[in-house]
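All remarks here apply to the structure that follows.
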Protein chains: 4
Amino acid sequence: MTVTPGDREAPRKRNREVTRAALLAAARVRFAREGYSGTNVRVIAQDVGVDASLVFRYFGSKRALFDEASAENALAAEAVLDGPAEQLPSRLLATILEYDWPESAGEHPFVAMLRSANDDAIRAELSDQLCKTYTDSISRQVRGEDADLRAALFSAWLLGISVLRSVVRDDTLSRATMASVAPHFERVVEALLGEAKAGPAGATPAPGPEQPD
Amino acid sequence: MTVTPGDREAPRKRNREVTRAALLAAARVRFAREGYSGTNVRVIAQDVGVDASLVFRYFGSKRALFDEASAENALAAEAVLDGPAEQLPSRLLATILEYDWPESAGEHPFVAMLRSANDDAIRAELSDQLCKTYTDSISRQVRGEDADLRAALFSAWLLGISVLRSVVRDDTLSRATMASVAPHFERVVEALLGEAKAGPAGATPAPGPEQPD
Amino acid sequence: MTVTPGDREAPRKRNREVTRAALLAAARVRFAREGYSGTNVRVIAQDVGVDASLVFRYFGSKRALFDEASAENALAAEAVLDGPAEQLPSRLLATILEYDWPESAGEHPFVAMLRSANDDAIRAELSDQLCKTYTDSISRQVRGEDADLRAALFSAWLLGISVLRSVVRDDTLSRATMASVAPHFERVVEALLGEAKAGPAGATPAPGPEQPD
Amino acid sequence: MTVTPGDREAPRKRNREVTRAALLAAARVRFAREGYSGTNVRVIAQDVGVDASLVFRYFGSKRALFDEASAENALAAEAVLDGPAEQLPSRLLATILEYDWPESAGEHPFVAMLRSANDDAIRAELSDQLCKTYTDSISRQVRGEDADLRAALFSAWLLGISVLRSVVRDDTLSRATMASVAPHFERVVEALLGEAKAGPAGATPAPGPEQPD
DNA sequence: TATGAATGAGCATTCATTCAT
DNA sequence: GATGAATGAATGCTCATTCAT
């Protein structure tokens with residue numbers, strides 16, 4: 001829409017890249033909201049205002065477009081790994097409760113992929129992605145035995161919160177904020193990731209003791 | 001009674017009730033595995049070895065068949081509420097980790113419905129069902145404040161475990177058993193549902209993760 | 001519904017004939033209202049409360065049932081030929097404006113057949129029937145030359161009135177009665193069937209001078 | 001432009017407007033001959049030599065295609081209203097006896113619509129169209145009382161002639177020409193539309209035909 | 001290369017009809 | 001013979017994809 005006067009003399013010059021990017025962006029939104037099989041190539045093209053055949057020209061197939069869109073989602077999800085390792089759990093929660101994910105229609109990348117996970121290949125990709133971003137990184141935070149299982153259980157919790165918010169649209173969780181969830185979160189973090197020795201006795205302090213303020 | 005997709009060779013007995021039940025059973029399996037839109041009426045009929053038009057004769061429409069299949073799933077899920085209330089949490093976990101759900105292709109009823117939750121009406125039905133079976137009943141177990149939120153967080157965990165096992169097929173959680181999970185489960189139950197005794201320190205600060213662009 | 005006690009001991013005895021007649025009656029109603037292709041065999045059977053397969057057992061095919069129903073319609077239409085020949089035109093009009101045709105859902109037999117006249121064989125049958133009941137018999141009433149053409153034009157008028165009332169449901173004609181139409185009818189009868197010599201001059205008296213009262 | 005069903009051999013030109021017009025033309029022919037429900041979208045496409053899905057691409061639905069075809073028919077029928085009002089009746093007759101209606105398979109537009117008048121919405125549309133083109137315009141020509149009823153009776157006659165020619169395919173009327181019908185037509189026009197000069201005698205009595213049972 | 005017209009396989013659904021009991 | 005379960009060919013319609021220009 002924002003066409004600068006300079007684009008007029010060579011309208012075909014950069015349009016390929018611009019259109020391609022626009023299609024990709026529209027695809028991320030549609031796939032995130034409606035899933036792979038629920039998304040119509042023609043609708044993506046309409047979002048951009050071009051003909052559907054461009055999708056095939058630029059990406060080869062609906063599936064290739066989906067894969068590329070998913071890769072971008074995955075990259076976005078991984079960004080949470082940047083930062084101090086000790087604060088990873090709460091950063092993970094923040095990406096679920098606070099971040100908007102505008103590129104994927106407000107859906108967390110994992111929810112977006114989950115919407116298409118009926119397909120085996122997509123499921124496998126989601127599985128890899130969840131390992132890389134959730135389980136493996138959390139596993140390294142675990143103090144004590146059974147690190148893999150406890151990390152998986154913690155990942156399940158995060159994923160479940162996303163699903164309940166975005167897919168099921170549970171009222172309580174949809175309204176939940178970092179502030180309201182934090183106290184419970186802390187206790188679960190301790191329960192799952194903390195030193196697993198003490199039974200029902202007093203909980204150990206929150207995992208991130210170096211609180212900035 | 002439980003007709004699996006492989007049973008295509010058996011000659012039909014020309015018995016309305018038997019055929020109807022077989023179609024319903026096949027439908028539960030297919031819908032659970034492939035979701036509503038991913039399931040083909042013809043395939044369900046083939047699973048049973050009859051013509052697809054019988055689906056419409058006996059159920060009226062693909063959607064009505066789905067609704068009936070879902071109702072049976074929901075009923076099956078609710079059965080967990082029978083029994084001593086104090087043991088509800090671990091009964092819930094057992095339905096996830098130990099019960100086979102043979103009628104829905106090994107999928108927990110909620111996962112089966114989740115596979116079709118792109119559809120708004122189905123999503124709403126799943127939401128109701130989750131409230132009835134998970135959130136509301138768990139909420140009554142909570143000792144302390146914030147019962148709704150804590151019940152929702154606990155429901156999210158259960159749902160997340162199911163999703164990670166069935167949809168994502170996470171190796172660790174797929175192999176998990178009641179025995180291996182029990183110690184961690186107990187700690188989380190205590191953390192989320194037990195008397196909230198205000199952790200020794202303040203809540204973790206709202207983390208500010210670098211939001212991906 | 002009105003089952004006499006005697007029918008109980010041999011319930012299969014006359015039921016064949018009774019059921020057959022009931023199916024035929026229901027068929028006349030349905031075919032008249034919805035046309036041949038618009039009528040569902042199953043619905044006819046439901047009207048009677050029996051299974052659709054009886055239609056095939058008793059009549060052979062939907063088409064044979066239609067033919068038999070049409071034959072009864074035709075017979076009913078022909079009944080108008082009984083009576084004094086000179087009053088035929090007004091008797092014809094009366095069957096259109098006054099008679100209820102309860103056996104064919106209130107539709108004049110010719111309208112009932114017309115609803116199915118897309119089919120060539122049905123069209124031919126209707127053509128025959130119209131000749132026998134309308135054109136040929138009217139032709140004999142014509143005084144003067146061009147009897148066939150004038151009879152055909154008069155038949156067209158009668159048929160047109162039926163169509164405008166029943167098919168198009170024109171308000172004015174639907175409300176028309178013998179009394180309101182009679183004066184105009186008389187003039188047209190004279191114009192089309194009367195001695196064709198006199199041009200715009202005075203009309204000759206009504207065709208049926210031997211008025212009973 | 002007028003694509004007849006036989007034109008299946010012509011290779012398509014990949015021109016949207018041409019193909020769309022060809023589909024519309026083929027649809028007018030098929031709908032006129034076979035009625036709405038008797039017409040198959042695939043057949044229309046075959047007439048033009050393209051795939052059936054183009055019908056949905058260009059028109060949205062079978063019904064929308066029918067509506068567009070009907071609108072063209074209606075427009076064609078209304079053209080008769082152009083010209084001197086006093087000659088309207090004979091112009092109306094001429095469109096029935098002399099004009100070929102090549103766009104609607106030789107069927108008068110009203111007959112074409114009548115073939116689909118089982119459908120309520122189509123019947124209502126036909127009713128409107130008949131009023132606009134026949135009844136209302138004729139009503140204005142009537143000298144004397146009862147204008148509406150007499151106009152309706154005259155419309156009925158015109159429609160009846162069309163039906164007898166096209167639907168019933170009555171031999172006599174099919175061969176009729178303006179020349180052969182004109183003298184009778186004039187007399188009927190005078191009888192129905194002319195100054196009503198109260199026939200010399202009383203109206204014929206309401207005849208009591210033996211109603212068929 | 002870019003455009004958009006055209007394709008064809010596939011889906012839910014209907015309905016006259018057949019066939020096993 | 002009577003019953004009703006089962007059939008299969010259509011039908012309107014959708015959608016990813018290809019092909020001509």
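Quick note on labels: first sequence line is chain A, next is B, and so on, each numbered from 1. All values below were derived from every heavy atom in this structure, side-chain atoms included, with hydrogens, water molecules and symmetry-related copies excluded.
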message: Can you tell whether the side chains of Glu107(C) and Arg33(C) come within less than 4.0 Å, N to carboxylate O?
response: no
query: Do Leu24(A) and Tyr58(A) touch side chain to side chain, with heavy atoms closer than 4.5 Å?
result: no
field: Nearest non-hydrogen partners of Leu23(A) and Leu65(A), listed with the distance
entry: O-CD1, 4.5 Å
statement: Separation of dT11(F) atom P from Phe66(D) atom CZ, nearest Å, is 18 Å
task: Could you tell me whether the side chain of Arg28(A) reaches within less than 4.5 Å of the side chain of Glu72(A), counting heavy atoms only?
output: yes
message: Just the rounded figure in Å: distance from P of dA6(F) to CZ of Arg16(B).
response: 9 Å
- request: Figure out the CD/C1' separation between Glu17(D) and dT21(F), and round it to whole Å.
  value: 17 Å
- prompt: Between dC15(E) atom C1' and Glu34(C) atom CD, what is the distance in whole Å?
  reply: 15 Å
Tyr36(A): partners by ring-ring contact (aromatic ring centres under 6.0 Å, His included), with sequence neighbours left out: Phe31(A), Phe66(A)
field: Short side-chain N/O contact from Arg57(B) to OP1 or OP2 of dA6(F), under 4.0 Å
entry: no
- request: Rounded off to whole Å, could you give me the CG-to-C1' distance for the Leu65(D) and dT11(F) pair?
  value: 15 Å
- prompt: Can you tell me which stems DNA chain F forms when a stem means 3 or more consecutive Watson-Crick or G-U pairs under 3.5 Å?
  reply: E:2-21 with F:2-21
- prompt: What's the CG-P distance between Leu54(D) and dG4(E), to the nearest Å?
  reply: 16 Å
- request: Only counting residues at least two apart or in another chain, list the ones meeting salt bridge (charged side-chain N to carboxylate O under 4.0 Å, His left out) with Arg57(C).
  value: none
message: So does Ile122(A) get a backbone contact from the side chain of Asp119(A), meaning a donor-acceptor N/O pair under 3.5 Å?
response: yes
- line: Distance col, row Glu125(A):CD vs Ser70(A):OG, nearest 0.5 angstrom, shows 6.5 Å
- request: Let me know the distance between CZ of Arg30(B) and P of dC11(E), rounded to the nearest Å.
  value: 12 Å
task: Give a yes/no answer on whether the side chain of Tyr58(C) brings an N or O atom under 4.0 Å of OP1 or OP2 in dG1(F).
output: no
- prompt: Near DNA chain F, under 4.0 Å by heavy atom, which residues of residues 112-123 of chain B?
  reply: none
message: Without decimals, in angstroms, what is the distance between Phe59(B) CZ and dA6(F) P?
response: 12 Å
- prompt: Which atoms form the tightest heavy-atom contact between Ala32(A) and Ser104(A), and what is the distance?
  reply: CB-O, 3.3 Å
message: Across nucleotides 12-19 of chain F, 5' to 3', mark each nucleotide with B, S or - according to how protein heavy atoms within less than 4.0 Å reach it.
response: BBBBBBBB
- prompt: Are the charged groups of Glu34(D) and Arg115(D) less than 4.0 angstrom apart, N to O?
  reply: no
message: Suppose the criterion is side-chain hydrogen bond (donor to acceptor under 3.5 Å, both in side chains): which pairs have a residue in residues 38-47 of chain A, not counting sequence neighbours?
response: Arg30(A)-Asp47(A)
